[in-house]
Amino acid sequence: MPEGPELHLASLYVNEVCDGVVFTGAVRKSEVSKCPDVPFTCEAYRITATSRGKEVKLTLTPIKSADSKRTVKSGQADQAMDVVFRFGMSGYFRFSAEDELPKHAHLRFYTKEKSCRVLSFVDTRRFGSWQPSGTWQRDRGPCVMFEYSSFRENVVSHLSDRVFDRPVCEVLLNQKYFNGIGNYLRAEILYRLNIPPFVSARSVLESLEVQDSLEKEKAVKHSITGKKKSDKVKEEDETSDLLRMCHMVPLEVVNLGGKGYDPAKADYSGFMSWLQCYAVEGMNCLQDHNGRTMWFKGDPGPMVPKGSRSTRAKILVKKERNDDNADKKKVARSRSESTLKKRPIKQEVTEIKAKDASLSEAGSKKRKTGKTAEETKPRRSRNSGEKAAAGSQRRSGRIAKQNSK
DNA sequence: CGTCCACGTCTAC
DNA sequence: TAGACCTGGACGG
């Protein structure tokens, strides 16, 4: 799931598995890949990684052997090289035995071990890419997670840019300003703040410009008067501010992974239960102007694309209601609270029904009753598309039906 | 079997 | 604002 958090977890994974490991020889590319060769060959080198938004940079560092000063054989690197990766829709890193290379391992780094292991860039769909001797892509903004203040400054100082005329849900995918946000994060972020996806980005953000400058003034005053800087306004900003959420929400995902993240033993159940809106049963969705599925709850806002289908997107997550027929007031309340505190409250209302490492369930029915209102009336195109999805990767496990409760 | 869908960019009309 | 770029899983017939 390559958005900012997954790219960052990938960099942690590389640093962990490559710690103390010596690599050797050439970097090898799959036959089928159209990405450039990586012209780096070295008798002994190490690999480290960093991430920024939706990119990961590997640094290949030659190990200088004490004695051989000029034994730089021809074609052997003596300089470090950076390789910058973008993951497309399906990229990830995996460290495995040489004889257990994953399918679609398109770029490979070989260890100098008796029974050799391989760090692979795996990318089923091949939308990912890498750049040898690479740098962070120009035109991508600061990382929403790890360069927060410059990220914020970059947005606030460019609010007159016409891109902010567009619906906020589409602007959130603009990596020039929101490097690291992707399709599931935009849904989760807007959902938590109850911001309709199809309102202009500037209308949501322009109040921040004022707030930010007020903050600065206040900071100055405080530094003069020596007052404390916590007042009510400030505290409200902590959670209601869209830019702050673009920082915090991805970090929550990073912290789900925590220690020992390993794509080999991918266990998405924690992630699935973390999702509150994206691909969650009962949420609405529409195609944005780029044909991407926007998940949301309630009012879509005025800038919905003409003729936008209420798509039949895949539902990956079913949450369970505990209360029999109490309904949605509760949900709404728990949601706004969830923004504030780490709540164990959430489980009281929603509970994922995911099996082990796999995703989730099957079909819902179309039940034509109630179904809230038709707040979204783009075009009555067939049933309001509910679908099933989810598959269990390895396990066969055909799961539940919609027994419910 | 075929169709639709997927966590993202890219470039071309 | 379309497509192109790809593979594969879920679902429908």
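Just so it is clear: chains get the letters A, B, ... in the order the sequence lines come, proteins before strands, and each one is counted from 1.
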Legend entry - Atom-pair distance (CZ on A:R186; P on B:dA6), nearest Å: 11 Å

Inset, instruction - Please tell me which of the listed nucleotides, B:dG8, B:dC5, C:dT7, lies nearest to the side chain of A:K314? - result: B:dC5

Inset, instruction - Would you classify A:Q137 as touching base, sugar-phosphate or nothing, given that sugar-phosphate means primed atoms plus P, OP1 and OP2, and contacts are heavy atoms under 4.0 Å? - result: sugar-phosphate

Legend entry - A:Q175 vs B:dG8: side-chain N/O to OP1/OP2 distance below 4.0 Å: no

Inset, instruction - Quick one: the dot-bracket string of DNA chain B, using Watson-Crick and G-U wobble pairs with both distances under 3.5 Å, [ ] for crossing pairs and | for bases paired to another strand. - result: ||||||.|||||.

Inset, instruction - Tell me whether the centres of the aromatic rings in A:F271 and A:Y184 are closer together than 6.0 Å. - result: yes

Inset, instruction - Please assess A:R28 against A:D37 for the test salt bridge (Lys or Arg N to Asp or Glu O under 4.0 Å), listing each intermediate value before the final yes or no. - result: CA-CA 8 Å; A:R28 298 174 56 188; A:D37 285 314; over 6 Å; no

Legend entry - P-based separation of B:dC5 from C:dG13 [nearest Å]: 15 Å

Inset, instruction - Inspect the contact between A:E206 and A:R202 and indicate whether a charged nitrogen and a carboxylate oxygen are less than 4.0 angstrom apart. - result: no

Inset, instruction - Mind calculating the distance between CZ (A:R312) and P (B:dA6) to the nearest angstrom? - result: 12 Å

Inset, instruction - Would you tell me if any nitrogen or oxygen in the side chain of A:H104 comes within less than 4.0 Å of OP1 or OP2 on C:dG8? - result: yes

Inset, instruction - Establish, with yes or no, whether the OP1 or OP2 oxygen of B:dT9 is under 4.0 angstrom from a side-chain nitrogen or oxygen of A:K54. - result: yes

Legend entry - Inter-residue atom distance A:D123.CG - A:H104.NE2, 0.5 Å rounding: 9.0 Å

Inset, instruction - Would you mind reading off the distance between A:H106 atom NE2 and C:dC5 atom P, rounded to a whole angstrom? - result: 16 Å

Inset, instruction - Tell me whether the OP1 or OP2 atom of C:dG8 has a side-chain N or O from A:K103 closer than 4.0 Å. - result: yes

Inset, instruction - Identify whether any heavy atom of A:F87 sits under 4.0 Å from a base atom; if not, whether one sits that close to sugar-phosphate; answer base, sugar-phosphate or nothing. - result: nothing

Inset, instruction - State whether A:S90 places a side-chain N or O below 4.0 Å from either non-bridging phosphate oxygen (OP1 or OP2) of B:dG8. - result: no

Legend entry - Nucleotide B:dG8, atom P - distance to CZ of A:F121 in whole Å: 13 Å

Legend entry - side chain to side chain donor-acceptor pair (under 3.5 Å) evaluation trace for A:S33 with A:H106: CA-CA 6 Å; A:S33 172; A:H106 295 302; 5.3 Å; no

Legend entry - C1' spacing across the pair C:dG9 / B:dT9, given as an integer number of angstrom: 23 Å

Legend entry - A:F151 and A:F178: CA distance, side-chain angles, deciding distance, side-chain contact (heavy atoms from CB on, under 4.5 Å) verdict: CA-CA 8 Å; A:F151 151 67; A:F178 296 90; 3.6 Å; yes

Legend entry - Integer-rounded Å distance: B:dA6 P and A:D288 CG: 11 Å

Inset, instruction - Take the protein atom NZ of A:K176 and the nucleotide atom P of B:dG8, then report the distance between them rounded to whole Å. - result: 20 Å

Legend entry - Whichever of A:L173 and A:R125 has its nearest DNA chain B nucleotide further upstream toward 5': A:R125

Legend entry - N-O pairing of A:E98 and A:R108 below 4.0 Å: no

Legend entry - Under 3.5 Å donor-acceptor, A:R186 side chain and A:C169 backbone: yes

Inset, instruction - Would you tell me if any nitrogen or oxygen in the side chain of A:R140 comes within less than 4.0 Å of OP1 or OP2 on B:dT9? - result: yes

Inset, instruction - Using atom CE of A:M294 as one end and atom P of B:dG8 as the other, report the distance to the nearest whole Å. - result: 13 Å

Inset, instruction - Evaluate whether the aromatic ring of A:F127 and the six-membered ring of the C:dC5 base sit under 5.5 Å apart, centre to centre, with an inclination under 30°. - result: yes

Legend entry - Spacing between A:I315 atom CD1 and C:dC11 atom P, to the nearest angstrom: 11 Å

